[in-house]
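Everything on this sheet refers to the single structure shown next.
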Amino acid sequence: MPQLQTSADLRVHNQARLLRAVHDADEPLTRAGAARLLGIGRNTAAALVGELQAAELLHEIPAEAAGRGRPTSLLLPHPHGPVAFAADIREDTWTLAQLELGGRLTTLENGEHDRTPAVFDTLRAATRRHATGQLACLGIAIAGPIRDHRHLHISHLGWDDVDLHAHLGDDWPPTVVDNDARLAGLAEARRGALRATGTALHFHLDFDIGGTLLLGGDAQRGAHNVAGEFGHMPLTGSDLRCMCGVRGCWSLDVGTNALLRRFGKEPGYGAGRQLGREILARAEDGDAEAGRAVDDNATALGRGLGALANALDPEAITLSGLGVDLIRLRRDLIEQACAEGLMAFRRAAPPRILAATVGEIGPLRGAAEIAFDTILQPEWIRARI
C-alpha cells in the first residue's frame, strides 16, 4: 500500500480500489460485496459509492431482493461516466472498440489498410468519428515491438524504426501503445484462462508468433519495452533468414507465414491471411498436403514451447489467434513435441497448454485494459472529483 499522507489521500485511494474492484469483477458487484472484498465497513462503502456516483464515475441501482435481510444495490458504470477506446492494428486490418467500467467491450468500426504507417491517420479519423466527451484514453495494440515506448519495428511489413511520436500528435486523445502479443497475454491474465496464475507464458499467433512472460498477472516488458520477442529465437533449427535480420527464427516455422511458405508463396508484408485460413480448413477436411503443413506448424510450435518451458518454468501456457486452431486440430502433436523438448525431470509434470478463452480479440481487449488503467488511478480520480 502506498504511503498515504492525509485522509483525503486515503479516501481517493479507496475510491480507486472500489472502481478497480467493480471493473475487474466477473459480474456486477453489490455494495455489500464490494465492502467485503475491500475489507471496509458498510458505512465507508456507502460514502465512497456516494462520492463516486456524484462524480458520475459509478452508478448504483437496487439489486433484486434475495429473501429476507437488508436490501443491497448493484454497482454499475455511470451512463455519463468515462470510457476508453481500444484499437488493434493487424498487419492488414484495424479495429476500433470502446470499453466501459466493468469490462463491456463494444466494437465501433473496422477495416483494411494499405500496410503502411498511414493506418495511424485512418485510426485517428475513426476515433474522431466516435469520440465524445466521455473518452478518457485510447489504447493501441500493434503487431511489432516498440523500443523505448517510441520506436516501432514490424520486420515483415518493412517498418523499421517508425517513430510513433511523429504519428500520434497533440490532436490525439491521451494514448498508450503496446505490443499485440503482450496485450493478448494481459487480457488472458485479467479476463481469461490465466486468471490467478503466478507464472505463465502466452503466445499470440498470426502471421508469425509473439509472446509474453506473465508474473502474477503482469506482462514483463524488459529494459527497453521489447521483451517477449520469442519468435525471433532459434528454437527449431531453421536455416532460413528472417526479415528481422536473424537466421533461424522460430517464427519462420510457426504461424500463417510458415503455412504460406509450404505452398510456395512468398510470405511477408501482411499478405495471404485468407490462404492461411483455407489451408487450415483443407487440413480439417482431410487434405493430405495441407495436413502435413499444419502438422509441421504444430510440431514446431510444441518444440519451441518445450524449450521456453525449460528456461522459464511456467505453470501454464496459453495460445491465441492461430494457436487456438492449432490446439483444436493438433493438440496431440503440440503436447508431444513440447514433452520431447522438456528436460527429462520435467516430463512428468509438463506445463498445461491451453487455448486462450478471450479469443482472437485478445490484443484488442488488452489494449482496452491498459487504456482503462489510466482512469483507475488516484491522480485521475482526484482530478475528476
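Just so it is clear, the values below take in all heavy atoms, side chains as well, and ignore hydrogens, waters and symmetry mates. This is a predicted model, so every value here is computed, not measured.
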Examine [X] and [Y] and state if one hydrophobic cluster contains both, with Ile, Leu, Val, Met, Phe, Trp and Tyr joined whenever side-chain heavy atoms are less than 4.5 Å apart.
{"X": "Leu194", "Y": "Ile327", "result": "no"}
{"X": "Leu105", "Y": "Leu76", "result": "no"}
{"X": "Leu74", "Y": "Leu38", "result": "no"}

Do [X] and [Y] make a side-chain contact, defined as non-hydrogen atoms from C-beta onward lying under 4.5 Å apart?
{"X": "Leu308", "Y": "Met233", "answer": "yes"}
{"X": "Ser320", "Y": "Val358", "answer": "no"}
{"X": "Glu289", "Y": "Ile279", "answer": "no"}
{"X": "Leu376", "Y": "Leu101", "answer": "yes"}
{"X": "Leu305", "Y": "Phe203", "answer": "yes"}
{"X": "Arg182", "Y": "Asn225", "answer": "yes"}

Within 6.0 Å of CZ in Arg104, more than 12 heavy atoms from elsewhere: no

Return all side-chain donor-acceptor pairs below 3.5 angstrom for residues 205-215, not counting sequence neighbours, or 'none' if the list is empty.
unit_1, atom_1, unit_2, atom_2, d
Asp206, OD1, Arg273, NH1, 2.7
Asp206, OD2, Arg90, NH1, 2.9
Asp206, OD2, Arg273, NH2, 3.4

Does a salt bridge link [X] with [Y], judged by any charged N lying under 4.0 Å from a carboxylate O?
{"X": "Arg328", "Y": "Asp325", "value": "yes"}
{"X": "Arg247", "Y": "Asp239", "value": "no"}
{"X": "Arg221", "Y": "Asp178", "value": "yes"}
{"X": "Asp24", "Y": "Arg190", "value": "no"}
{"X": "Arg261", "Y": "Asp296", "value": "no"}
{"X": "Arg365", "Y": "Glu369", "value": "yes"}
{"X": "Arg20", "Y": "Asp373", "value": "yes"}
{"X": "Asp285", "Y": "Arg282", "value": "no"}

Sequence-distant partners of Arg303, salt bridge (charged side-chain N to carboxylate O under 4.0 Å, His left out), two or more places apart: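 Testing Arg303 for salt bridge (charged side-chain N to carboxylate O under 4.0 Å, His left out), a comparison that skips the adjacent residues, returns none.
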
Results of side-chain contact (heavy atoms from CB on, under 4.5 Å) for Pro145 - residues two or more places apart only: His153, Val226, Glu229

Pairwise distance NE2(His232) to SG(Cys242) - rounded to 0.5 angstrom: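 Spacing of NE2 (His232) from SG (Cys242) equals 5.0 Å.
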
Gap between atom CG of Leu322 and atom OG1 of Thr256 - 0.5 Å precision: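 CG of Leu322 is found 5.0 Å from OG1 of Thr256.
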
Distance-only side-chain donor-acceptor flag, Glu109 / His130, under 3.5 Å: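 Yes.
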
Under 4.5 Å side-chain linkage, directly or through intermediates, the cluster mates of Phe345: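 Noted: Phe345 shares its cluster with Met343.
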
Members besides Trp172 in its Ile/Leu/Val/Met/Phe/Trp/Tyr cluster (side-chain heavy atoms under 4.5 Å):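 Taking Ile, Leu, Val, Met, Phe, Trp and Tyr as members, Trp172 shares its hydrophobic cluster with Val83, Phe85, Ile89, Trp94, Leu96, Leu108, Val119, Phe120, Leu123, Leu135, Leu138, Ile140, Ile142, Ile146, Leu152, Ile154, Leu157, Trp159, Val162, Leu164, Leu168, Val177.
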
Do you know the tightest heavy-atom contact between [X] and [Y]?
{"X": "Pro378", "Y": "Val12", "value": "O-CG2, 3.5 Å"}
{"X": "Ala367", "Y": "Ala141", "value": "CB-N, 3.7 Å"}
{"X": "Leu260", "Y": "Gly276", "value": "CD2-N, 4.0 Å"}

Going by atom type alone, with no hydrogens or angles, which donor-acceptor pairs under 3.5 Å involve a side-chain atom of residues 52-59 and a protein atom two or more places apart or on another chain?
unit_1, atom_1, unit_2, atom_2, d
Gln53, OE1, Glu60, N, 2.8

Plane angle bin for His202 and His204 - parallel if under 30°, tilted between 30 and 60°, otherwise perpendicular: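 Parallel: the ring planes of His204 and His202 meet at under 30°.
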
